[in-house]
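Before any comments, here is the structure.
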Amino acid sequence: QVRLVESGGGSVQAGGSLRLSCKGSGYSHRPDCMGWFRQAPGKEREGVAAINPDPQSHIVLYADSVKGRFTVSRDKAENTVYLEMNSLKPEDTGMYFCASRYFGCSLTKSAYNFWGQGTQVTVSS
């Protein structure tokens, strides 16, 4: 069965950086998209970034709120996707989830098929 495991979360001061990792396993077929989502208490889960893991694909998506600060990348050999987060702000605080889907790529959570357990990111001012 498919498993997605996130790591790399933690606490950091505003302006700092964190690098999240998501390792996938159990796939019968390579997903068309792997995405990062985040959720703050009492808020809806929102898409942050997404990437097609196919090295021949140029599809990469970012939410406007993180564009220019976050970078999503992939490691095909290790079935891993990364989220490099720079210039972190307190509003970036939340539980960050890795997810995968087939048949397209987007930042819409309802379209994703598999989810990791989440890793907490806390940014203090």
If you define the side chain from C-beta out and look only at heavy atoms, does anything of P31 sit under 4.5 Å from F114? no
Minimum heavy-atom separation for E84 and N86, please, with both atom names. OE2-OD1, 3.7 Å
Counting distance only, does the side-chain N/O of Y112 pair as donor-acceptor with the main-chain N or O of L107 below 3.5 Å? no
Shortest non-hydrogen contact from N52 to S57? CB-OG, 3.2 Å
Using the rule that two of Ile, Leu, Val, Met, Phe, Trp, Tyr join whenever any of their side-chain heavy atoms come within less than 4.5 Å, decide whether V12 and L83 are in one cluster. yes
Closest approach of S21 to T80 (non-hydrogen atoms, all atoms of both residues): CB-CG2, 4.4 Å
At what distance, to the nearest 0.5 angstrom, does SG of C22 lie from CG of D75? 12.0 Å
Return yes if some donor-acceptor pair links the side-chain N/O of E6 with the main-chain N/O of Q117 below 3.5 Å, else return no. yes
Is there a side-chain contact between S65 and K89 (heavy atoms, below 4.5 Å)? no
Derivation of the side-chain contact (heavy atoms from CB on, under 4.5 Å) call for Y82 and I51: CA-CA 10 Å; Y82 305 93; I51 188 169; over 6 Å; no
Cluster check F97, V48: I/L/V/M/F/W/Y, side chain < 4.5 angstrom: no
Does any N or O in the side chain of N79 come within less than 3.5 Å of the main-chain N or O of S25, such that one atom is a donor and the other an acceptor? no
What closest approach, in Å, do S125 and A14 show between heavy atoms, and which atom pair accounts for it? CA-CB, 4.3 Å
Find the distance between OG (S7) and CG (L20) and round it off to the nearest 0.5 Å. 8.0 Å
Atom pair CE/OG1 of M95 and T122 - distance to nearest 0.5 Å: 8.5 Å
Is the backbone of V72 close enough, under 3.5 Å, to the side chain of Y62 for a donor and an acceptor to pair up by distance? yes
R30 and P55 have their tightest heavy-atom pair at NH1-CD, 4.4 Å
Describe, in one word, how the ring planes of Y96 and F70 are oriented to each other, choosing from parallel (under 30°), tilted (30 to 60°) and perpendicular (over 60°). tilted
Atom OG1 of T93 and atom CD of Q120: how far apart are they, to the nearest 0.5 Å? 7.5 Å
Applying side-chain contact (heavy atoms from CB on, under 4.5 Å), run through M85 and V66 and close with a yes or a no. CA-CA 9 Å; M85 305 185 294; V66 307; over 6 Å; no
Side-chain donor/acceptor of N113 to backbone N/O of Y102, under 3.5 Å: yes
Flag the pair W115 / C98 as yes when at least one side-chain heavy-atom distance between them is below 4.5 Å, and no otherwise. no
Working for side-chain contact (heavy atoms from CB on, under 4.5 Å), residues D32 and C105: CA-CA 7 Å; D32 294 317; C105 196; 5.9 Å; no
Matching residue for Q39 among K109, R45, E46, E44 - test: side-chain contact (heavy atoms from CB on, under 4.5 Å): R45
Given the rule that I, L, V, M, F, W and Y join up when any side-chain heavy atoms are under 4.5 Å apart, are V60 and M34 in one cluster? yes
Check whether R19 reaches the backbone of G8 with its side chain - one donor and one acceptor, N or O, closer than 3.5 Å. no
Check whether V81 and V121 end up in the same hydrophobic cluster, where Ile, Leu, Val, Met, Phe, Trp and Tyr are linked by side-chain heavy atoms less than 4.5 Å apart. yes
Answer with yes or no whether the hydrophobic clustering places W36 together with L4; edges join I, L, V, M, F, W, Y residues whose side-chain heavy atoms lie under 4.5 Å apart. yes
